[in-house]
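The structure under discussion appears below in the form of structure tokens.
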Amino acid sequence: MNRVSLFVTLIFAGAGLFGCQGESAPASDAPMARETAPPPMATSVERPVPRPGGGNFENLVADYESKDRVIWQKPGMVISILGELDGKTVADIGAGTGYFAFRLVPRAKKVIGVDIDPRFISFMDSVKVRLPVQYQARFETRLAKTDDPMLKPEEADVAIFVNTYAYISNREQYLKTLAKGLTTGAQVLIIDFKKNSLPVGPSDNFKVSLSQVEKELAAAGFEVANADNEALDYQYIVLATKK
Ligand SMILES: C[S@@+](CC[C@H](N)C(=O)[O-])C[C@H]1O[C@@H](n2cnc3c(N)ncnc32)[C@H](O)[C@@H]1O
């Protein structure tokens, strides 16, 4: 089974998004955790620290799609933070393999998988054609620039950065550019690794602290609605809105 087939199989069978749970139900983390995933500490092996455009692609895909992620990142819970997505366009900035983007497709009007790495754009495009037709129409990829997510003016109602914010340089300016592609009141969700030595994620010196994220969002003109350091063991979750 090639990696795309495996990925689609995992999305359909493992995450239970398109068949088992119906469109409006939040993806459940617990059943997946009980049935298929190894205990979290099984990931304590040294992982490659992914870098934009670099690294062995197969290793990056394996890392982004690792089964233990559903336990420590709780994608269903995370997605539920965004509330009702019906009629909304979501931009997944630094979408990678589409771990979150494809989970959002059944819930949103449209999902844009934004990435600067053409390999991930091709990967997501190859997954898209395996989706049921009604979902294919709701998903598109967007090859972006390092300093610009390449959204059209007021194109998105929601932007998410999962495990990606630390990759952005000149983040305040990036957020200001992003804001032009967002509607007024749009939500921005940022999830990244806490600054502790953790069994998953990059080394501490690559991380951006929660307080730094809040500062940068405020400087770029966003209002921080909630900053949660507790819901996830390894990561903080920041929800902001465009004023
Ligand atoms: C660690 S991966 C996270 C992928 C995905 N969000 C996930 O949670 O599985 C970081 C991703 O961000 C992308 N990336 C890095 N810098 C970026 C930038 N300036 N704009 C958009 N994407 C970027 C990388 O190519 C990579 O796919």
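Counting starts at 1 for both ligands and their atoms, in listed order. Only heavy atoms go into these numbers, but all of them, side chains included; no hydrogens, no water, no symmetry mates.
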Legend entry - Verdict with supporting geometry, Tyr234 and Lys194, side chain to side chain contact (heavy atoms under 4.5 Å, CB included): CA-CA 6 Å; Tyr234 301 153; Lys194 297 176 189 176; 6.0 Å; no
Legend entry - ligand 1-proximal atoms of Pro149, by part, heavy-atom distance under 4.0 Å: neither
Legend entry - ligand 1 versus Gln73: contacting region, heavy-atom distance under 4.0 Å: neither
For [X], take its heavy atoms, then give the atoms of ligand 1 lying under 4.0 Å from any of them.
X	result
Asp117	25 (O)
Thr164	3 (C), 6 (N), 10 (C), 11 (C), 12 (O)
Phe120	27 (O)
Gly96	4 (C), 27 (O)
Arg69	7 (C), 8 (O), 9 (O)
Thr146	19 (N)

Legend entry - Any N/O pair Gly94/ligand 1 closer than 3.5 Å: yes
Legend entry - Leu198 side chain reached by Trp72 side chain, heavy atoms, under 4.5 Å: no
Inset, instruction - Taking the side chain as every heavy atom from C-beta outward, state whether Asp147 and Gln173 have any pair of such atoms under 4.5 Å apart. - result: no
Legend entry - Sole residue of Gln136, Arg138, Arg142 in side-chain hydrogen bond (donor to acceptor under 3.5 Å, both in side chains) with Glu140: Arg142
Legend entry - Donor-acceptor contact below 3.5 Å, side chain Asp157 vs main chain Thr89: yes
Legend entry - Of the listed options Asp147, Ile116, Thr97, closest to atom 23 (C) of ligand 1 (non-hydrogen atoms): Ile116
Inset, instruction - Look at atom 13 (C) of ligand 1 and find which of Asp115, Asp63, Asp192 reaches it with the closest heavy atom. - result: Asp115
Inset, instruction - Kindly indicate, with the supporting measurements, whether the criterion side chain to side chain contact (heavy atoms under 4.5 Å, CB included) is fulfilled by Leu82 and Ile160. - result: CA-CA 10 Å; Leu82 296 170; Ile160 67 167; 4.1 Å; yes
Legend entry - Cationic N near anionic O, under 4.0 Å, Asp125 to Lys128: no
Legend entry - Test item, Ala144 contacting ligand 1 (heavy atom, 4.0 angstrom): no
Inset, instruction - Find out whether the Lys NZ or Arg CZ of Arg119 is both under 6.0 angstrom from the six-membered ring centre of Phe123 and within 45° of the ring's axis. - result: no
